[in-house]
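The structure appears below as structure tokens.
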Amino acid sequence: MGRIIAIANQKGGVGKTTTSINLAACLAEKGNKVLAIDMDPQGNMTSGFGIDKNDITYSIYDTMCGNCNLGEALLINVFENLSIVPASRELAGAEIDFINTEDKQYILKKTIKNIRKKYDFIIIDCPPALGILTVNSMTAADTIIVPIQCEFYALEGLSQLIYTIDLIKKKLNRNLQIEGVVFTMYDSRNNLSQEVVDNVKNNLDQIIYNTVVPRNVRLAEAPSYGLPINLYDSRSTGAEAYRKLADEVMKNKLFLK
Ligand SMILES: Nc1ncnc2c1ncn2[C@@H]1O[C@H](COP(=O)(O)OP(=O)(O)OP(=O)(O)O)[C@@H](O)[C@H]1O
Ligand SMILES: [Mg+2]
């Protein structure tokens with residue numbers, strides 16, 4: 001049975017999508033069958049994988065609404081071993097669209113129930129909010145990876161995130177675990193980056209990945225070419241970091257079923 005990992009942090013611009021795209025791609029490169037699901041109305045993961053949002057027939061929104069089944073929205077093997085369910089702008093209306101839907105926190109879980117056994121990993125890119133889309137992602141997930149940007153305000157909002165995760169654990173998904181925290185955009189020339197890492201380590205009682213993702217311009221460029229970092233610049237420091245993170249995620253025996 002595959003592991004479903006939600007990449008979540010309600011703070012914007014911390015590296016959720018960069019981590020989703022490149023962790024998914026590096027897990028696929030290592031031979032795992034991977035499905036990446038874009039739950040963000042911004043659709044950055046969709047376009048980062050080179051998919052034109054205007055060309056999509058069905059998105060994760062359509063499957064959640066029952067307009068189509070998941071198979072119809074699935075873009076199979078966009079890259080080797082890596083399939084994608086794209087997002088569309090309509091997701092932005094989910095809060096209202098699903099207001100009266102029965103078990104509205106479980107829509108995504110039900111949607112992907114039948115296909116999870118086909119994949120080793122399902123990676124869900126969450127939007128920068130703690131609304132219905134993130135709640136659905138966390139309810140469907142086995143574990144959560146929290147990217148933290150190495151900047152001054154890194155700790156702000158984390159307690160709210162941990163509180164939400166605990167609440168979801170209590171009320172909606174008993175088995176949910178925080179798989180780990182990963183630092184992103186680390187700048188070794190900047191003392192602040194190391195201070196943030198130390199500060200979070202001292203204040204957050206969570207597993208922290210040894211891999212620290214450096215600030216790397218190739219990681220910022222890759223989405224505009226529609227390629228994950230391992231295919232855009234295989235030898236960049238960004239590609240090395242996400243390969244190491246993929247190794248750590250694969251070794252995380254605690255979560256293997
Ligand atoms: N390690 C890195 N090095 C350099 N640039 C990075 C790195 N990680 C992310 N970025 C850049 O920082 C910006 C924000 O990253 P990203 O889109 O992954 O964050 P996000 O948390 O998904 O944002 P949002 O909350 O809007 O969904 C993007 O322009 C991205 O290219
Ligand atoms: Mg994003």
Side-chain angles (χ1 to χ4, degrees), residues 5-26 36-51 53 59-61 84-89 91-92 94 123-138 144-158 160-161 164 180-190 192-194 196-197 200 209-246:
I5 306 174
I7 313 290
N9 187 339
Q10 81 279 16
K11 230 166 145 43
V14 297
K16 291 180 290 295
T17 301
T18 305
T19 299
S20 301
I21 290 177
N22 297 308
L23 175 62
C26 290
I37 302 178
D38 191 349
M39 281 291 276
D40 186 350
Q42 296 177 100
N44 294 342
M45 182 164 88
T46 302
S47 55
F49 276 129
I51 298 156
K53 282 178 254 180
S59 72
I60 190 68
Y61 174 83
I84 294 156
V85 183
S88 60
R89 282 185 203 92
L91 271 179
I123 306 289
I124 308 173
D125 185 22
C126 296
L130 290 172
I132 187 89
L133 296 171
T134 297
V135 169
N136 261 271
S137 305
M138 290 183 179
I144 297 172
I145 292 180
V146 181
I148 296 185
Q149 184 182 351
C150 296
E151 49 110 40
F152 183 69
Y153 295 109
L155 272 174
E156 229 165 76
L158 267 185
Q160 200 191 352
L161 178 63
T164 304
V181 161
V182 61
F183 290 104
T184 63
M185 298 182 238
Y186 183 88
D187 186 346
S188 58
R189 293 164 306 179
N190 177 344
L192 181 63
S193 275
Q194 190 53 47
V196 171
V197 169
V200 173
Y209 282 110
N210 291 325
T211 307
V212 173
V213 180
R215 189 171 275 286
N216 174 220
V217 69
R218 308 301 266 169
L219 282 170
E221 289 166 5
S224 60
Y225 293 85
L227 291 172
I229 191 67
N230 57 319
L231 300 180
Y232 175 63
D233 187 347
S234 179
R235 301 174 79 172
S236 59
T237 54
E240 272 170 31
Y242 278 108
R243 283 199 188 95
K244 267 176 62 190
L245 182 64

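Read the numbers this way: they start at 1 and go in the same order the structure lists the ligands and their atoms. Remember, predicted model here, so these are calculated numbers, not experimental data.
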Least distance between heavy atoms, Arg218 atom then Asp233 atom: NE-OD2, 2.7 Å
I'd like to check atom 2 (C) of ligand 1 in this structure: does the protein have a heavy atom lying under 4.0 Å from it? yes
Please check whether Thr184 reaches ligand 1 - meaning an N/O of the residue sits under 3.5 Å from an N/O of the ligand, judged on distance alone. no
Over all atoms of both residues, closest heavy-atom pair of Met39 and Pro127: O-CD, 3.6 Å
Quick one: which of Thr237, Thr19, Asn216, Asn22 gives a side-chain hydrogen bond (donor to acceptor under 3.5 Å, both in side chains) with Tyr242? Thr19
Numbered in order shown, the ligand 1 atoms found under 4.0 Å of a heavy atom of Gly12 are 25 (O)
In the protein, which heavy atom is nearest to atom 28 (C) of ligand 1, and how far is it? Thr18 OG1, 4.8 Å
Of all the non-hydrogen atoms in the protein, which one sits nearest to atom 4 (C) of ligand 1, and at what distance? Asn216 O, 3.3 Å
Using modelled atom types only, decide if a donor and an acceptor are shared between the side chain of Lys53 and the backbone of Ser47 within a distance under 3.5 Å. no
Just need the protein heavy atom nearest to atom 26 (O) of ligand 1, so name the residue and atom and give the distance. Gln42 NE2, 3.2 Å
With sequence neighbours excluded, tell me which residues meet salt bridge (charged side-chain N to carboxylate O under 4.0 Å, His left out) with Arg189. Asp187
Atom 20 (P) of ligand 1 sits nearest the protein heavy atom Lys16 N, 3.5 Å
If the cut-off is 4.0 Å to any non-hydrogen atom of Val213, which atoms of ligand 1 fall inside it? 1 (N)
Among protein heavy atoms, which lies nearest atom 19 (O) of ligand 1, and at what distance? Gly15 N, 3.0 Å
Part of Asn9 within contact of ligand 1 (heavy atoms, under 4.0 Å): neither
How many angstroms lie between atom CZ of Arg235 and atom CD of Glu240, to the nearest 0.5 angstrom? 9.0 Å
List the closest protein heavy-atom neighbour of atom 23 (O) of ligand 1: residue, atom name, distance to the nearest 0.1 Å. Gly13 N, 3.0 Å
Looking at Leu219, which atoms of ligand 1 are within less than 4.0 Å of one of its heavy atoms? 1 (N), 2 (C)
Picking from Ile7, Val200, Leu161, what satisfies side chain to side chain contact (heavy atoms under 4.5 Å, CB included) with Val146? Leu161
Ranked by distance from atom 31 (O) of ligand 1, the top protein heavy atom is Ala220 CA, 3.4 Å
Answer yes or no for Pro214: is there a heavy-atom contact with ligand 1 below 4.0 Å? yes
Among all protein non-hydrogen atoms, which one is nearest to atom 12 (O) of ligand 1, and what is the separation to 0.1 Å? Met185 CE, 3.9 Å
For Thr17, the option from Asn44, Asp125, Asp38 that meets side-chain hydrogen bond (donor to acceptor under 3.5 Å, both in side chains): Asp125
All heavy atoms of Val85 vs all of Ser59, minimum pair found to be CG1-C, 4.4 Å
Shortest heavy-atom approach to atom 22 (O) of ligand 1 - which of Asn44, Thr17, Asp125: Thr17
Any donor-acceptor pair under 3.5 Å from Gln149 side chain to Met185 backbone: no
Does the protein place any heavy atom closer than 4.0 Å to atom 9 (C) of ligand 1? yes
Could you tell me whether any N, O or S atom belonging to Thr18 is less than 2.8 Å from the Mg ion (ligand 2)? no
Indicate whether the side chain of Ser234 and that of Arg243 have a donor and an acceptor atom separated by less than 3.5 Å. yes
What do we get for Val14 next to ligand 1 when only non-hydrogen atoms under 4.0 Å count, side chain, backbone, both or neither? both
For Asp40, the atoms of ligand 1 under 4.0 Å from one of its heavy atoms are 27 (O)
Under 3.5 Å: donor-acceptor pair, side chain of Ser193, backbone of Ser188: no
